[in-house]
Trainee: 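Have a look at the structure that comes next, please.
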Amino acid sequence: MAEQNTSENPQHGAQTGATGTGSGYEPQKIEVKWQKRWADARVFESEADPSKPKYYVLEMLPYPSGTLHMGHMRNYTIGDVVARVKRMRGFNVMHPMGWDAFGLPAENAAIKNNTHPREWTNKNIAEIKRGLRRFGFSYDWRREISTCEPEYYRWNQWFFLRMLERGLAYRKKSRVNWCPKCCTVLANEQVVNGGYCWRHEDTRVESREIKQWFLKTTAYADQLLDDLKELEGTWPERVIVMQSNWIGKSQGAKVKFAMADVTGAEAIEVFTTRIDTIYGASALILAAGYPLVAKLLEGFAGKAEAEASLAKMRQTSVKTEDLATMEKEGFFTGRYAMNPFSGEKIPIWVGNFVLMEYGTGAIMAVPAHDERDFEFCTKYGLPKPVVVVPQTQDSTSKNEGGAPAAPKTAEADGVFTEFGVSVNSGPYSGMESATAIAKMAAFAEQKGFGRAETIFRLKDWGISRQRYWGTPIPVVYCEKDGMVAVPDKDLPVLLPPNPKLTGMGESPLASTPEFVNTTCPKCGGPAKREADTMDTFVDSSWYFYRYADAHNDKAPYDSAKVAYWFPIDQYIGGITHAILHLLYSRFWCKVMRDLGLITHNEPAARLFTQGMVQKGGVTMSKSKGNLVGAEDMAQKYGADTGRLYTLFAAPPEKDLEWSEESIEGSWRFLNRVYRLVERHAKALREVKSGGVDAAEATAKERTLLRKVHQTLRRVTIDFETRWHFNSAIALIMELTNEIYAQEPLEEGARPEVRKEVLELLTLMLAPMTPHLSEELWEMLGHTDGLWMASWPAFDQDLARDDEVEIPVQVNGRLRGRVKVAAGAGEEEVVKLALADTGIAALVSGKRMVKRIFVPDRLLNFVVA
RNA sequence: GCCCGGGUGGCGGAAUGGCAGACGCUGAGGACUUAAAAUCCUCCGGGGUUUUACCUCAUGGGGGUUCGAAUCCCCCCCCGGGCACCA
């Protein structure tokens, strides 16, 4: 049904019309026409020019995985409206576009189709670019970048070398997913059904340790956290919260527990945020991967059983999100450690809920004051001594230790995790938690078995990928000189053009002899190149700097140009990138600042995260198979209808449910506007713009002028501050309805008024439906393109209402309305309200308790 | 589990302490037309009444603050998203 309507109706005008009177709205024709004019006039090109106010608006660059879909289209439409409004406001606007062109999907597609990743990528880029042009987005295409080109990725390598020099890039062993049948490393997304290879669904993925490159994001952990304050109010709060959780700063202490019964064995160090609960520790619990575990088990009677559990634990990969819900499991090692505060002997266990990657890989279990410890200790029958109690107002019930009386043991629901007052804690009993923490950390430090320490959840960024389609890491390994950096003059290290891509065996570059075999830059002897490539998040961490100087072959960019354009005034993209991309970008910015390339701390002054486009309640994606092609849509309705609809259907930060039916409304509206202007264009073409005197206007004209300036005032606010494009469009629709409602105007109506009304209507639509607006602007007699026009100012006097309708309530219930002049005083409104028989009846004979009057808004009688 | 966002007519949504449902979609009826499309007009949350009008209920559920609550506070229910190596 919808299919028939949509495929036939919009075509109607295009099929019948020729240009001239009564031809109707033909988006296909006018969109091409104006796109060509914009390109010829180079309207969207801009240069750094410190004498002009700048505005840098940026949408996240797309991964070219297929064709342009509605999700892209919505993102870019929002950015384009902002760019066009800012241009109309007189800003020197930079609005660039590029391609996040490296990545695994290209490599997979290449293997599948027996082609080259570059071919697949460039074909997709060409398609998406054609789509973007089809929608008339106002990009400066001279600044286009593609991250898979050597002219771009050589600077990834250059930055990598700078980080290497400063110790910010280093190599260490790290775990990866390994498929024993493919003999290759798998990405997490290639691990399916909870731990199986995507190509061998009967084969369990193993965990392997290999040497990989890391960037030291942790060196900036504090700055990354602290500088979030600069972004408060201009970045979405949830992004700030997510990043801050991600960085996960945790202040606590490290404490060493000596072994109680193994002489000469090293101590076990734990990290705790609650050293004040140490008297309540009933066990030490180690991660399964803790190095000491095997040694501890030596000679233990339960060794065989313990090793079986250990093997099982090590095999099960633990996801962070499962930690809280999974069943706690563990086993006793047969060994004991010494509590350094109490001198008590406590058992050493291994537990599946302790992560090797966080803290020291060992914890002290304090079951009375930690939920997880409680669960674990309950399951295995370990004691649960209480050492902190809630602080009470009542200080009389304190025992001789100076602390409130307390239960000796925490039982079911007895876990108390908050701060309070220490009990049963030796000399610290009676102290408030914060005091106890400080004193105990100081004592531990003084005695040499611990110290206060801050740790972060944030880890260093592992950038090694055992893939072909990425930036080669510019180092070589020489038998004599070891690891040697490729000198700057030898950059870029180019990807070999014809790799063998099988998806099997070791990393593709390693099996490409012409790539991997090289000479050592130091000694000239034989050497092997690093065969891993960089994570594609490296590409996107600084691409927006490159736009400022896209073709520089001497440096990543000219700092002077970047100094003009940065920071980005408005960054727009999906919430999906709230953490990784945005955190890595912030990290890269700080590194560049410390390299002396830039002076700002944060790359983007404002961030906007738009909602996803959904169909059938789920986000549109290739994998879900519910993508709606943007070009198909433009083919049916034209770009402007598509742009308008995505703006109208939902506010930009919310998810948008795609509806084939609703878009008809946007199509109809644009036709309505077109017919309106077309009807009057001939008569208005020669009429001079401006110079309207409202005092001489007829009644209908005054109504129209008032409406158009009121609309302009509210639309301006929606564009500039609220970004409620959907309500802005609703207002413009109302205005259009009003103009139709006043047709025809009276005898003696002057064409200047009509022209002003239609011009303002056209200008308000221009950022959203630029092609149609240009066409209407031309029809109204303008020979200069609308792109030269400024955003109009509204007339204060006309935008003000001179008569308002005030609701009258009795006891908060609406009982009537009175019409008064704007700004009418309370006495006058009350008089008029009481003249209303209905209201008078409700009020008379009652005692007037009070009266609420809000000028121009409301009158409320409270009676008893 | 934790963190974040959300719940308003048949649907998308508007209203962020002051007239709930703007604007649009769908649907119904009508005009024009040989007919269809397009276009234009009217109606469209539930219930009631003395039906040009008015009353009443209604913004996931329950409680609270207030002259007044979709909006603020407390408790509960439901839905969506995120919780890092290959985008």
Side-chain angles (χ1 to χ4, degrees), chain A residues 5 8-9 12-13 24 62-63 65 100 102-108 174-177 185-190 212 214 236-239 241-242 245-246 319-326 371-372 457-459 461-467 469-470 533-537 539-540 575-581 583-584 611-612 614 617-619 645 648-651 653-659 661-666 668-669 671-672 675 724 726-727 729-734 737 740 805-814 816-817 838 849-852 854 857-863:
Chain A
N5 283 341
E8 287 173 25
N9 304 352
H12 184 74
Y63 180 77
S65 65
D100 186 18
F102 272 140
L104 187 61
E107 202 160 329
N108 290 338
S174 173
R175 295 205 162 269
V176 291
N177 302 308
V185 175
L186 299 181
N188 274 358
E189 64 199 36
Q190 294 171 324
Q212 303 195 73
F214 286 81
E237 196 190 336
R238 61 174 166 158
V239 173
V241 169
M242 279 163 99
N245 289 344
W246 197 259
K319 283 189 187 163
T320 318
E321 62 264 38
D322 294 337
L323 285 178
T325 47
M326 70 193 292
E371 306 272 359
R372 292 160 301 180
R457 205 176 80 94
L458 179 75
K459 290 191 232 157
W461 174 12
I463 59 159
S464 287
R465 301 292 181 266
Q466 294 71 37
R467 301 289 161 185
W469 197 230
T533 53
M534 296 183 200
D535 182 3
T536 57
F537 275 114
D539 308 326
S540 54
I575 186 70
T576 38
H577 297 106
I579 297 172
L580 293 186
H581 162 59
L583 193 69
Y584 294 148
M612 301 285 122
Q614 308 188 322
V618 290
T619 302
Y645 175 67
F648 181 56
E653 72 277 7
K654 283 225 213 157
D655 289 345
L656 183 158
E657 174 68 27
W658 179 254
S659 157
E661 282 173 346
S662 305
I663 194 171
E664 291 281 338
S666 297
R668 281 201 282 263
F669 168 66
N671 275 280
R672 218 162 125 76
R675 285 194 304 270
H724 283 194
N726 57 332
S727 37
I729 294 166
L731 290 167
I732 296 172
M733 286 175 168
E734 278 187 58
N737 292 344
Y740 270 102
E805 201 177 51
I806 298 183
V808 180
Q809 299 181 341
V810 177
N811 289 342
R813 300 198 66 112
L814 178 74
R817 302 177 178 84
V849 178
K850 68 165 131 172
R851 225 160 55 194
I852 317 281
V854 184
R857 292 305 288 267
L858 162 122
L859 175 66
N860 185 10
F861 295 108
V862 184
V863 295

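Letters A, B, ... mirror the listed sequences (proteins, then strands); counts begin at 1. Just so it is clear, the values below take in all heavy atoms, side chains as well, and ignore hydrogens, waters and symmetry mates.
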Trainee: Could you state the atom-to-atom distance from CG of A:Asn726 to P of B:rG24 in whole Å?
Mentor: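 So the CG-P distance, A:Asn726 to B:rG24, works out to 13 Å.
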Trainee: Determine which nucleotide pairs with B:rC25, using a 3.5 Å limit on both distances of a Watson-Crick or G-U wobble pair.
Mentor: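 Because both required distances fall under 3.5 Å, B:rC25 counts as paired with B:rG10.
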Trainee: Syn or anti for B:rU56, with syn set at within 90° of 0?
Mentor: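 Here the answer is anti: the torsion falls beyond 90° from 0.
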Trainee: What's the CG-P distance between A:Asn737 and B:rU42, to the nearest Å?
Mentor: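 Rounded to whole Å, this separation is 11 Å.
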Trainee: If each of A:Glu805 and A:Trp246 is mapped to the nucleotide of RNA chain B with the nearest heavy atom, which maps nearer the 5' terminus, i.e. the 5' end?
Mentor: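 So the residue in question is A:Glu805.
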Trainee: Can a side chain N or O of A:Arg857 be found less than 4.0 Å away from OP1 or OP2 on B:rC19?
Mentor: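 Checking B:rC19 against A:Arg857, no side-chain N or O comes under 4.0 Å of OP1 or OP2.
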Trainee: A:Met733 side chain: which of B:rC23, B:rC19, B:rC67 is closest?
Mentor: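 Ranking B:rC23, B:rC19, B:rC67 by closest atom to the A:Met733 side chain puts B:rC23 first.
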Trainee: Within the 4.5 Å heavy-atom criterion, are A:Val808 and A:Phe861 side-chain neighbours or not?
Mentor: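 Touching, per the 4.5 Å side-chain cut-off.
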Trainee: Would you mind telling me which of B:rC25, B:rG13, B:rG18 lies closest to the side-chain atoms of A:Asn860?
Mentor: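 Looking only at side-chain atoms, A:Asn860 lies closest to B:rG18.
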Trainee: Can you tell me which nucleotide in B:rC23, B:rC19, B:rC67 comes closest to the side chain of A:Pro807?
Mentor: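 In terms of side-chain proximity for A:Pro807, the closest of B:rC23, B:rC19, B:rC67 is B:rC19.
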Trainee: Can A:Asn245 and A:Arg457 be counted as having a side-chain donor-acceptor contact under 3.5 angstrom?
Mentor: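 Result is no, nothing qualifies.
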Trainee: Quick one: label A:Asn245 by what it contacts on the DNA or RNA (base, sugar-phosphate, nothing), any heavy atom closer than 4.0 Å.
Mentor: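 Here A:Asn245 touches the backbone only, sparing every base.
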Trainee: For B:rG63, does the glycosidic angle fall within 90° of 0 (syn) or outside that (anti)?
Mentor: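 Nucleotide B:rG63 adopts anti.
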Trainee: B:rC86 C1' sits how many Å from A:Tyr63 OH, rounded?
Mentor: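 Nearest whole value for this atom pair: 10 Å.
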Trainee: Heavy atoms only, 4.0 Å cut-off, all strands: where does A:Thr536 land among base, sugar-phosphate and nothing?
Mentor: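 Result for A:Thr536 = sugar-phosphate.
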Trainee: Counting any heavy atom closer than 4.0 Å, what does A:Met242 reach on the DNA or RNA strands: base, sugar-phosphate only, or nothing?
Mentor: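 The answer is sugar-phosphate, as A:Met242 gets under 4.0 Å only of primed atoms, P, OP1 or OP2.
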Trainee: Could you go through the ring-ring contact (aromatic ring centres under 6.0 Å, His included) check for A:Tyr584 and A:Trp461 one step at a time?
Mentor: CA-CA 9 Å; A:Tyr584 294 148; A:Trp461 174 12; 3.6 Å; yes
Trainee: Roughly how far apart are A:Ile732 CD1 and A:Phe648 CZ, rounded to 0.5 Å?
Mentor: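 Interatomic distance, A:Ile732 CD1 to A:Phe648 CZ, rounded to 0.5 Å: 10.5 Å.
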Trainee: Rounded to whole angstrom units, what separation is found between the CD atom of A:Glu237 and the P atom of B:rC3?
Mentor: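 After rounding, the gap between these two atoms is 14 Å.
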Trainee: Measure from CD on A:Glu653 to P on B:rG13 and round the result to the nearest Å.
Mentor: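 Between P of B:rG13 and CD of A:Glu653: 11 Å.
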Trainee: With rounding to whole Å, what would you report as the distance between B:rG81 and B:rG29 at their C1' atoms?
Mentor: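 So the two C1' atoms sit 44 Å from each other.
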Trainee: Any side-chain heavy atom of A:Leu580 sitting closer than 4.5 Å to one from A:Trp246?
Mentor: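 The answer is yes; the side chains approach within 4.5 Å.
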Trainee: In terms of side-chain heavy atoms of A:Phe648, which of B:rC23, B:rC83, B:rC67 is nearest?
Mentor: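 That would be B:rC23.
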Trainee: Expressed as a whole number of Å, how far does the C1' atom of B:rC23 sit from that of B:rA15?
Mentor: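 Each nucleotide's C1' atom is 12 Å from the other's.
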Trainee: Can you tell me how far the CD1 atom of A:Ile729 sits from the NE2 atom of A:His724, to the nearest 0.5 Å?
Mentor: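 It comes to 12.5 Å.
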Trainee: For the side chain of A:Ile579, starting at C-beta, report the closest nucleotide among B:rG82, B:rC25, B:rA14.
Mentor: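 Looking only at heavy atoms from C-beta outward on A:Ile579, the closest nucleotide is B:rG82.
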Trainee: Under 4.0 Å, heavy atoms only, any strand: does A:Arg817 hit a base, just the sugar-phosphate, or nothing?
Mentor: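 If one applies the 4.0 Å heavy-atom cut-off, A:Arg817 turns out to touch a base.
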Trainee: Taking B:rC79 as the reference, what is the distance to B:rG30 when you measure between their P atoms (whole Å, please)?
Mentor: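 That atom pair is separated by 44 Å.
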Trainee: Can you check the A:Asp655 CG to B:rC4 C1' distance for me, whole Å?
Mentor: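 Going from A:Asp655 (CG) to B:rC4 (C1'), I get 13 Å.
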Trainee: Roughly, in whole Å, what's the span from CZ in A:Arg675 to C1' in B:rU39?
Mentor: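 Computing the A:Arg675:CZ to B:rU39:C1' distance gives 6 Å.
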Trainee: Counting side-chain heavy atoms from C-beta on, which of B:rG18, B:rA84, B:rA15 comes nearest to A:Ser727?
Mentor: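 The nucleotide sitting nearest to the side chain is B:rA15.
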Trainee: Hey, are the side chains of A:Val849 and A:Val863 touching, using non-hydrogen atoms and a 4.5 Å cut-off?
Mentor: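 A:Val849 vs A:Val863: side chains apart.
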Trainee: When the P atoms of B:rA14 and B:rA22 are considered, how many whole Å apart are they?
Mentor: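 Rounded to whole Å, the distance is 13 Å.
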Trainee: On RNA chain B, check which nucleotide each of A:Gly665 and A:Tyr740 is closest to and give me the residue with the more 5' one.
Mentor: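 The 5'-side residue here is A:Gly665.
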Trainee: Across all strands, who's sitting opposite B:rG1 as a Watson-Crick or G-U wobble pair, both distances under 3.5 Å?
Mentor: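 Pairing partner: B:rC83.
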Trainee: Is any side-chain N or O of A:Asn671 closer than 4.0 Å to OP1 or OP2 of B:rU39?
Mentor: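 Negative; the distance criterion is not met.
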Trainee: For B:rG18, does the base pair up with any side-chain atom of A:Gln809 as donor and acceptor (N or O, under 3.5 Å, distance only)?
Mentor: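 When only heavy-atom distances are counted, A:Gln809 does reach the base of B:rG18 through a donor-acceptor pair under 3.5 Å.
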Trainee: Nearest whole angstrom, please: distance from the P of B:rU26 to the OH of A:Tyr645.
Mentor: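 Those two atoms, OH and P, are 11 Å apart.
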Trainee: Taking OP1 and OP2 of B:rC40, is either one under 4.0 Å from a side-chain nitrogen or oxygen of A:Arg672?
Mentor: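 Checking B:rC40 against A:Arg672, a side-chain N or O does come within under 4.0 Å of OP1 or OP2.
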Trainee: In whole angstrom, give me the gap between the C1' atoms of B:rA58 and B:rU39.
Mentor: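 Roughly 37 Å separates the two C1' atoms.
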Trainee: Side-chain N or O of A:Arg668 versus OP1/OP2 of B:rU26: is the shortest distance under 4.0 Å?
Mentor: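 Yes, because at least one side-chain N or O of A:Arg668 sits under 4.0 Å from OP1 or OP2 of B:rU26.
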Trainee: With rounding to the closest Å, how many angstrom separate the C1' atoms on B:rG45 and B:rA70?
Mentor: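 Those two atoms are separated by 15 Å.
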Trainee: Just verifying a value: how many Å separate A:Arg817 CZ and A:Gln809 CD, rounded to the nearest 0.5 Å?
Mentor: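 Going from the CZ atom of A:Arg817 to the CD atom of A:Gln809 covers 10.5 Å.
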Trainee: Less than 4.0 angstrom between a side-chain N/O of A:Arg813 and OP1 or OP2 of B:rG18, yes or no?
Mentor: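 Negative; the distance criterion is not met.
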Trainee: Between B:rG61 and B:rA69, how many Å separate the two P atoms, rounded to a whole number?
Mentor: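 Rounded to whole Å, the distance is 15 Å.
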Trainee: Taking only the P atom of each, what is the distance from B:rG80 to B:rG13 in whole angstrom?
Mentor: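 Result for the P pair: 16 Å, nearest Å.
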